[in-house]
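One structure is given below, encoded as C-alpha cells.
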Amino acid sequence: MSVYKDFAKPNEEYVANFGDKGKLPLPPSKKLLIITCMDARINPYAHLGITEGEAHIVRNAGGIAKEAIRSVVISQRLLGTREIAVFHHTGCGMVTFDTPQLRGLVKEGAPGDAALAETVDDIDFLEFKDVEGSVKADVKFLQENPLVLAGTKVTGWVYEVETGRIRQVA
C-alpha cells in the first residue's frame, strides 16, 4: 500500500488550523539556517522550539554541510540568514556503511547496467564514523568556506535520539 493515499485527510486538518501562516514572510524571522539529517526520528521544530517562518531547515542523509552548501548560499544571499546550526545525531545510519560498500550494493541490484555503475561511482556518500567529529568537521567546512558570508555564526550540535537532548559540540 502506498502511503501517499493517506496525505489528504491530515492535510484537511492542517488546513483547518492553518490560521494566518500564509502571510508569513519568505525570509526566516530568526535569520537561522539549520542543517540536519533526514532521519524520520528527528523533528527540529519540536526539539528546538521553533515554528514555521522562523528558520530554514535543510535535511539530507547525515545532515552533511557539503551537500547543503547550495541551500546555504540561497538562504544567506537571497533570504538573509546569518546564523547556521549543524545538527548530527546519535544512532545515525551514516556510520553503518562506507562509500565502496554502498556503491557495490547499488551495482548488485542492477548487474550489467553500465550507466548505473558509472553514475554511482561518481557519488561520494559522505559517510562518517564519529558523530561528534563529523559535526566539528562540518562546522569547520562552513567557517572556512568562501561561499558562507563573513561573520556568520556557525555552531555544531548532537541530537540524542535516545533522550531527545541536544548538546553543543562546536
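Side chains are part of it too, since the values below use all heavy atoms of this structure and drop only hydrogens, waters and symmetry mates.
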What distance do [X] atom [atom1] and [Y] atom [atom2] have between them, rounded to the nearest 0.5 Å?
{"X": "T81", "Y": "L79", "atom1": "OG1", "atom2": "CG", "result": "7.5 Å"}
{"X": "F128", "Y": "C92", "atom1": "CZ", "atom2": "SG", "result": "4.0 Å"}
{"X": "S134", "Y": "L126", "atom1": "OG", "atom2": "CG", "result": "11.0 Å"}
{"X": "Q76", "Y": "E83", "atom1": "CD", "atom2": "CD", "result": "11.0 Å"}
{"X": "R59", "Y": "S71", "atom1": "CZ", "atom2": "OG", "result": "13.5 Å"}
{"X": "E127", "Y": "M94", "atom1": "CD", "atom2": "CE", "result": "6.5 Å"}

Close side-chain approach of [X] and [Y], heavy atoms under 4.5 Å:
{"X": "E54", "Y": "P28", "answer": "no"}
{"X": "T152", "Y": "I84", "answer": "yes"}
{"X": "I35", "Y": "V72", "answer": "yes"}
{"X": "I74", "Y": "H56", "answer": "no"}
{"X": "I34", "Y": "I50", "answer": "yes"}
{"X": "N60", "Y": "E67", "answer": "yes"}
{"X": "I69", "Y": "F141", "answer": "yes"}
{"X": "R103", "Y": "T99", "answer": "yes"}

Has the side chain of D20 got a donor or acceptor atom that lies under 3.5 Å from a matching backbone atom of K23?
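Side chain of D20 to backbone of K23: no pair is present.
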
When hydrophobic residues are tied together by side-chain contacts of less than 4.5 Å, even through go-betweens, does [X] share a cluster with [Y]?
{"X": "V58", "Y": "M38", "value": "no"}
{"X": "L32", "Y": "V139", "value": "no"}
{"X": "V154", "Y": "L147", "value": "yes"}

Shortest non-hydrogen contact from [X] to [Y]?
{"X": "V131", "Y": "H88", "answer": "CG1-CB, 3.9 Å"}
{"X": "P44", "Y": "T36", "answer": "CG-CG2, 4.0 Å"}
{"X": "Y159", "Y": "I166", "answer": "CD1-CG2, 3.8 Å"}
{"X": "V158", "Y": "H89", "answer": "CG1-CA, 4.4 Å"}
{"X": "G63", "Y": "V86", "answer": "O-CG1, 4.2 Å"}
{"X": "F97", "Y": "L102", "answer": "CE1-CD2, 3.8 Å"}

Residue pairs passing the ring-ring contact (aromatic ring centres under 6.0 Å, His included) test with at least one member in residues 11-42, sequence neighbours excluded, are Y14-F18

Using the side-chain contact (heavy atoms from CB on, under 4.5 Å) rule, pick out the option among I57, I42, T155, L48 that qualifies with F87.
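That would be L48; it is the only one of I57, I42, T155, L48 passing the side-chain contact (heavy atoms from CB on, under 4.5 Å) with F87.
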
Whichever hydrophobic residues join L24 through chains of side-chain contacts under 4.5 Å
none

Pairs meeting criterion side chain to side chain donor-acceptor pair (under 3.5 Å) with involvement of residues 160-169, two or more places apart:
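Listed once each, the pairs are T90-E162, E132-R167, E160-T163, E160-R167.
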
Quick one, R77 with L149, criterion side-chain contact (heavy atoms from CB on, under 4.5 Å). Give me CA distance, side-chain angles, the key distance, then yes/no.
CA-CA 8 Å; R77 305 293 172 139; L149 290 173; 3.2 Å; yes

Can you confirm whether more than 12 heavy atoms, excluding those of K140, are under 6.0 Å from its NZ atom?
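Open: at most 12 neighbouring heavy atoms sit under 6.0 Å from NZ of K140.
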
Could you walk me through whether K107 and D121 pass the salt bridge (charged side-chain N to carboxylate O under 4.0 Å, His left out) test, one step at a time?
CA-CA 9 Å; K107 290 176 198 177; D121 282 343; 2.7 Å; yes

